[in-house]
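Notes for the one structure printed next.
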Protein chains: 2
Amino acid sequence: MKPSRPNLSELARHLGVSIATVSNALSGKGRLSPDLARRIRDAADTLGYVPSQAGRALRTGRSGVLGLVLPDIGNPLYPEIAQEIERVATGAGYGVLIANSRDEIAAQDKAIFQLIERGVDGIVIVPRRGTKVPETRCPIAIIDTPTTPRNTVSADHFAGGAEVAGHLAALGHGRILLIGDDPSSNVQNARINGMRSKLSGVETETIWIVELEARHGKGCALGLADWRKRGFTAFACVSDPHALRALTELQSAGIAIPAEASITGFDNLQWSSFISPPLTTVKMNMPEIATLALDALVEAIQSREASDDTPSPPVTARRAAVPMELVIRRSSGPAPSAGFSQEESPHA
Amino acid sequence: MKPSRPNLSELARHLGVSIATVSNALSGKGRLSPDLARRIRDAADTLGYVPSQAGRALRTGRSGVLGLVLPDIGNPLYPEIAQEIERVATGAGYGVLIANSRDEIAAQDKAIFQLIERGVDGIVIVPRRGTKVPETRCPIAIIDTPTTPRNTVSADHFAGGAEVAGHLAALGHGRILLIGDDPSSNVQNARINGMRSKLSGVETETIWIVELEARHGKGCALGLADWRKRGFTAFACVSDPHALRALTELQSAGIAIPAEASITGFDNLQWSSFISPPLTTVKMNMPEIATLALDALVEAIQSREASDDTPSPPVTARRAAVPMELVIRRSSGPAPSAGFSQEESPHA
DNA sequence: TCGATGTGATTAAACGTTTAATCACATTAG
DNA sequence: CTAATGTGATTAAACGTTTAATCACATCGA
């Protein structure tokens with residue numbers, strides 16, 4: 001009638017030993033005879049003992065919970081991050097408390113402090129583009145770009161950009177349009193700069209979607225058919241959704257992909273392999289990034305004195321930049337032959 | 001040198017009153033003089049007092065944390081759910097602990113019990129298609145379909161299906177292909193059945209993508225151009241990603257959308273309004289669903305005796321089915337005129 | 001004046017865990 | 001035989017909060 005949840009003292013009473021002995025047996029810390037230890041562990045199993053997080057947290061000052069701050073959970077990129085963080089954290093015995101900074105400037109800091117008030121032991125944050133992460137006594141792992149000030153670990157966006165650009169250059173594209181969304185994003189700039197680094201012999205232009213939309217309204221056409229007429233045969237986008245936007249815009253203008261134009265994206269979102277043609281993209285190694293970030297964070301947590309009141313030093317991982325992988329699919333192909341695109345080439 | 005975090009006793013000592021008085025002043029529960037109460041609250045503010053969740057949880061048996069179980073955080077639909085749940089929960093003073101059932105059968109139950117071990121006060125779950133949610137003493141709000149056994153609240157998928165089907169029928173489409181992914185999904189079946197309910201005078205066929213892929217491999221072509229040749233002019237998909245797959249497949253086969261074929265989806269994912277043509281889709285009212293689910297869950301939590309050991313009764317919301325909204329964009333249009341599609345019509 | 005009632009605050013216990021300090025006892029060295 | 005050492009277990013305090021029970025004191029009716 002009341003087997004709801006046995007606690008240490010109930011276990012101890014049931015076995016006729018002291019509470020401390022039971023605690024020691026289960027944690028393997030104190031000194032006690034091997035056979036009593038086994039008996040205690042067995043009893044704990046059969047009685048279904050599960051330690052109270054609250055009691056433990058109160059005593060140890062550690063909650064066993066990490067916070068995860070994402071700029072916008074609705075953004076299709078972040079779920080994959082969340083998924084991997086959750087997986088690795090669970091494996092390390094931590095729970096994950098989520099917080100959404102809703103892409104607002106103030107909300108990010110508020111989210112951080114709310115998590116701290118809830119007693120998280122550490123925080124993983126993917127910062128809103130270009131914002132500063134406050135210094136706190138709670139260790140914070142930052143996932144942004146390798147050049148971001150207190151960055152812990154991130155994908156090597158620059159190298160990823162270089163790789164996809166090299167791919168397009170090797171296909172013979174002589175005019176390439178780089179399509180970004182927001183120039184204030186560290187990640188997007190790294191990707192664009194990486195692409196440019198491999199396109200010294202190629203004519204490139206860059207457009208930023210937020211600027212276009214500021215002039216022509218949200219969801220406006222990007223005018224890619226015009227760029228195609230001016231001889232741009234490859235459209236390298238900074239993220240898969242933008243690549244999708246470019247791809248459908250060109251397709252519905254009657255331009256065949258990849259015969260007449262190549263398109264590439266970033267992030268390898270779930271649907272990118274199911275569309276027609278499947279999208280060439282650059283993939284982050286999220287499992288690796290999550291592992292590195294959490295390893296570093298957990299170490300920072302453990303090496304911290306509970307009474308320490310100074311701000312936590314930056315959390316640094318064994319490796320700061322994780323290589324990205326180019327995934328070549330059918331949305332990118334050889335540049336149209338000169339004869340084919342002859343009359344479309346610019347007069348300049 | 002040690003203002004790290006004042007607690008109740010430090011506050012009490014600083015003010016020269018007892019701990020209980022401080023606690024009462026901050027919670028507004030006991031009896032005490034209004035002016036002392038104010039003095040205490042002021043001091044708490046200026047000293048930056050923040051209550052220890054651990055201490056409170058230990059004493060009250062309530063953690064102030066809810067669990068959220070999602071079948072697959074990587075799925076582009078769930079983030080919007082997570083976002084709204086997090087928003088409403090935060091507003092109600094709860095934190096949200098995430099758990100991923102990774103779309104595996106066993107993982108869902110494991111995730112639930114892990115959350116319970118972590119001491120969550122309640123759980124919101126979006127069940128994996130067709131699975132049973134275990135009965136526990138911890139209240140669980142279920143978001144699936146109105147006909148799912150212990151469902152708390154959900155979108156009215158059936159009515160949504162009816163609406164989009166009515167839209168296509170009104171446009172004059174006489175042959176409509178319904179495209180689902182997995183016939184074991186409650187949600188998808190409700191949407192398909194809803195669509196069929198409005199298409200009694202229309203010829204319909206249904207294909208399930210998992211069955212196609214079981215035969216032809218993941219990411220295989222859906223063969224929609226063939227269906228178009230057989231006179232099917234509208235393709236009603238059970239979710240936006242499938243609509244995207246259909247749209248790009250038809251476009252790259254040279255079929256113009258919406259002139260020669262109409263396409264509709266479900267869920268109004270972020271990119272659905274940015275592609276060309278923008279996608280006609282059916283949108284859930286996630287803010288409303290999250291609010292109803294959490295209101296019901298919080299009430300179930302509060303009406304529960306801590307010592308109660310019986311399984312929690314089903315959590316029911318004020319309203320079980322929340323209407324969906326048809327969002328008409330340019331991917332759906334009038335059925336092609338008979339003259340236009342004449343030679344393509346079937347010989348039967 | 002005495003008991004009854006009310007007000008404003010305090011005392012003390014309890015939640016479940018961890019862990020330093022201690023203890024009882026046996027074994028061994030000197 | 002005594003003291004030192006070691007072993008295996010216990011005692012007790014502490015983490016920070018909530019809350020029932022209690023207390024000191026004043027007010028009031030009779």
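Lettering follows sequence order; numbering is per chain, from 1.
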[atom1] of [X] versus [atom2] of [N]: gap in Å, rounded?
X: B:Leu11; N: C:dT10; atom1: CG; atom2: P; value: 13 Å
X: A:Arg59; N: C:dA14; atom1: CZ; atom2: C1'; value: 17 Å
X: B:Leu58; N: C:dT17; atom1: CG; atom2: P; value: 9 Å
X: A:Asn24; N: C:dT18; atom1: CG; atom2: P; value: 9 Å
X: B:Leu8; N: C:dT11; atom1: CG; atom2: C1'; value: 15 Å
X: A:Gln53; N: D:dG16; atom1: CD; atom2: C1'; value: 17 Å
X: A:Arg39; N: D:dG8; atom1: CZ; atom2: C1'; value: 13 Å
X: B:Ile19; N: D:dG16; atom1: CD1; atom2: P; value: 10 Å

| message | With a 4.0 Å cut-off on N to O distance, would you call B:Glu288 and B:Arg319 a salt bridge? | response | yes

| A:Arg56/B:Glu117 salt bridge by N-O under 4.0 Å criterion | no

Report which part of the nucleic acid [X] touches: base, sugar-phosphate, or nothing (heavy-atom distance under 4.0 Å, all strands).
X: A:Arg56; result: sugar-phosphate
X: A:Ser33; result: sugar-phosphate
X: A:Ser52; result: sugar-phosphate

| field | Residue A:Glu299 excluded, over 12 heavy atoms near CD under 6.0 Å | value | no

| Upstream residue (5' side of DNA chain C) when A:Pro51 and B:Ser18 are each assigned their closest nucleotide | B:Ser18

| said: If the cut-off is 4.0 Å, is B:Lys29 near the phosphate of D:dT19, judged by side-chain N/O to OP1 or OP2? | reply: yes

| message | What's the closest nucleotide to the side chain of A:Leu32 if the choices are D:dT10, C:dT11, D:dA9? | response | D:dA9

| said: Side chain of A:Asn7, heavy atoms from C-beta onward: which of D:dA9, C:dG16, D:dT18 has the nearest atom to it? | reply: C:dG16

| remark: Only residue of A:Leu36, A:Asp42, A:Asp35, A:Ile40 satisfying side-chain contact (heavy atoms from CB on, under 4.5 Å) with A:Arg38 is A:Asp42

| message | I need the single residue from A:Thr131, A:Ile112, A:Thr152 that forms a side-chain contact (heavy atoms from CB on, under 4.5 Å) with A:Ile125. Which is it? | response | A:Ile112

